[in-house]
J.: 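Got a structure here, written out as structure tokens. Questions coming.
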Amino acid sequence: MADEKPATPGEAPKPQPSAGEMSREEKIAAAKAKAEALKAQRAAAGAGAAPPRPAPSAAPRAWATSDNPGGQPVAPPQNPKIEAFGTVTQSVELRCESTEDQNIRRLLGGLGLYRNPLRGVWQLDYRYYAEARRRLQEAGYQVDGKDYLGRPLDRWAPETRGWTRLAPR
């Protein structure tokens, strides 16, 4: 205590680092040295080259929906054939094997897909069929779609089928 200087009235006393700690100046110097080492390492790897990105996987995208809150991945289809049937009531019925139910729920649950209790098939609104078909095809399914008159569903438009409001003449 004898070799300590008394603090002047306007100056706060500086905390002294203990034997195991680094001082503030030493910490700053160590951080600068680390930054310089990283810069040198990047320069050696390639001038201005960004780190390589991982290649996209061939697996279909996992959608986080109310039926798949964790966004769990979709399993490869065991029975890839799905029949889509357009009904008079502006919905699409999807028929598939029961082994595919979990995948169908994970892929399309966020689009308003539900299980029709009377017919035992999955049901979806016409407005979301194009997105549903895209998701199913990305997952490896083959979708064959027809409406109640035998027309293909991939060209469905509300103006050409079903109930629409016509503009006044």
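Atoms considered below: every heavy atom in the structure, side chains included; atoms not considered: hydrogens, waters and symmetry mates.
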J.: Can you name the residues that form a side-chain contact (heavy atoms from CB on, under 4.5 Å) with Thr87, not counting sequence neighbours?
T.: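 Expected list: Phe85, Thr89, Ser91, Glu93.
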J.: With the side chain counted from C-beta on, respond yes when Leu107 and Leu136 share a heavy-atom pair under 4.5 Å apart, and no when they do not.
T.: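 Contact flag for Leu107/Leu136 side chains = yes.
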J.: Search all heavy atoms of Leu153 against all heavy atoms of Gly86 and return the closest pair with its distance.
T.: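 Looking at all heavy atoms of both residues, the closest pair is CD1-N, 3.8 Å.
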J.: Quick one: side-chain hydrogen bond (donor to acceptor under 3.5 Å, both in side chains) partners of Asp125, sequence neighbours excluded?
T.: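 In terms of side-chain hydrogen bond (donor to acceptor under 3.5 Å, both in side chains), with neighbours along the sequence ignored, Asp125 is linked to Arg127.
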J.: For Asp101, give me all partners under salt bridge (charged side-chain N to carboxylate O under 4.0 Å, His left out), at least two apart in sequence or on another chain.
T.: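 Per chain and number, Asp101 pairs via salt bridge (charged side-chain N to carboxylate O under 4.0 Å, His left out) with Arg115.
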J.: What residues form a side-chain hydrogen bond (donor to acceptor under 3.5 Å, both in side chains) with Tyr141, not counting sequence neighbours?
T.: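 If we apply the side-chain hydrogen bond (donor to acceptor under 3.5 Å, both in side chains) test to Tyr141, skipping adjacent residues, the hits are Glu100, Asn103.
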J.: Please walk me through it: do Glu131 and Arg134 pass salt bridge (charged side-chain N to carboxylate O under 4.0 Å, His left out)?
T.: CA-CA 5 Å; Glu131 174 67 15; Arg134 186 186 64 77; 2.5 Å; yes
J.: Only pairs at least two apart or in different chains count here, so list each salt bridge (Lys or Arg N to Asp or Glu O under 4.0 Å) that has a residue in residues 68-91.
T.: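 For residues 68-91, and leaving out neighbouring residues, there are no salt bridge (Lys or Arg N to Asp or Glu O under 4.0 Å) pairs at all.
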J.: List the residues meeting side-chain contact (heavy atoms from CB on, under 4.5 Å) with Arg133, not counting sequence neighbours, and say none if there are none.
T.: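 With sequence neighbours excluded, Arg133 shows a side-chain contact (heavy atoms from CB on, under 4.5 Å) to Tyr129, Gln137, Val143, Asp154, given in chain and number order.
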J.: To the nearest 0.5 angstrom, please state how far the CZ atom of Arg95 sits from the CD1 atom of Ile104.
T.: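 Answer rounded to 0.5 Å: 13.5 Å.
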J.: How close do Gly140 and Pro80 get, heavy atom to heavy atom, and via which atoms?
T.: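 Residues Gly140 and Pro80, closest heavy atoms: O-CB, 3.5 Å.
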J.: Between Arg106 (side chain only) and Val74 (backbone N and O only), is there a donor and an acceptor less than 3.5 Å apart?
T.: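 No, the answer is negative, given that no donor and acceptor are paired below the 3.5 Å cut-off.
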J.: The criterion is side-chain contact (heavy atoms from CB on, under 4.5 Å); which residues satisfy it with Glu25, sequence neighbours excluded?
T.: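 Expected list: Ser23.
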J.: Just to verify, what does Ala132 make a side-chain contact (heavy atoms from CB on, under 4.5 Å) with, not counting sequence neighbours?
T.: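 Ala132: side-chain contact (heavy atoms from CB on, under 4.5 Å) contacts with Leu108, Leu111, Leu124.
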J.: What's the separation between atom CD in Gln123 and atom CG in Asn116, rounded to the nearest 0.5 Å?
T.: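 CG of Asn116 is found 4.5 Å from CD of Gln123.
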